[in-house]
Amino acid sequence: MDFGTWISEIEALVTFDVDAELWRKYFDAGLTPIRAIEQNGIDEEV
């Protein structure tokens, strides 16, 4: 899956605006869109 497709899946699942560059680290880490959303929630809490 390329990054454009991956970020589109994220955008389809969340209700907030996604800054693709901030999410690139999750893509580069090999996370699925669902895991990336979960990890972002954890990262936001810190």
Side-chain angles (χ1 to χ4, degrees):
M1 172 183 315
D2 71 352
F3 183 65
T5 303
W6 186 88
I7 203 73
S8 292
E9 288 194 26
I10 298 282
E11 291 173 334
L13 294 171
V14 298
T15 58
F16 53 86
D17 289 333
V18 174
D19 180 347
E21 285 308 306
L22 293 176
W23 285 70
R24 183 83 183 188
K25 63 185 173 190
Y26 304 123
F27 176 79
D28 290 344
L31 298 179
T32 64
I34 296 295
R35 288 291 302 136
I37 292 167
E38 292 171 351
Q39 187 62 49
N40 179 259
I42 292 167
D43 292 349
E44 290 292 314
E45 292 175 7
V46 174

- Closest non-hydrogen atom pair between Ala36 and Ile10, with its separation: CB-CD1, 4.0 Å
- Item | Presence of salt bridge, Glu38 and Arg35, under 4.0 angstrom | yes
- Task: Would you give the length of the straight line joining atom CG of Asn40 to atom CD of Glu45, rounded to the nearest 0.5 angstrom?
- Result: 10.0 Å
- Item | Within one Ile-Leu-Val-Met-Phe-Trp-Tyr cluster: Ile34 and Leu22, side-chain cutoff 4.5 Å | yes
- Item | Worked verdict on Trp23 versus Ile37 for side-chain contact (heavy atoms from CB on, under 4.5 Å) | CA-CA 9 Å; Trp23 285 70; Ile37 292 167; 4.1 Å; yes
- Give a yes or no on whether the backbone of Leu31 and the side-chain of Trp6 come within a donor-acceptor separation of less than 3.5 Å. yes
- Note on the structure: OH (Tyr26) and CG (Asp43) are apart, to the nearest 0.5 Å, by 3.5 Å
- Cluster link Val18 to Met1, ILVMFWY, side chain under 4.5 Å: yes
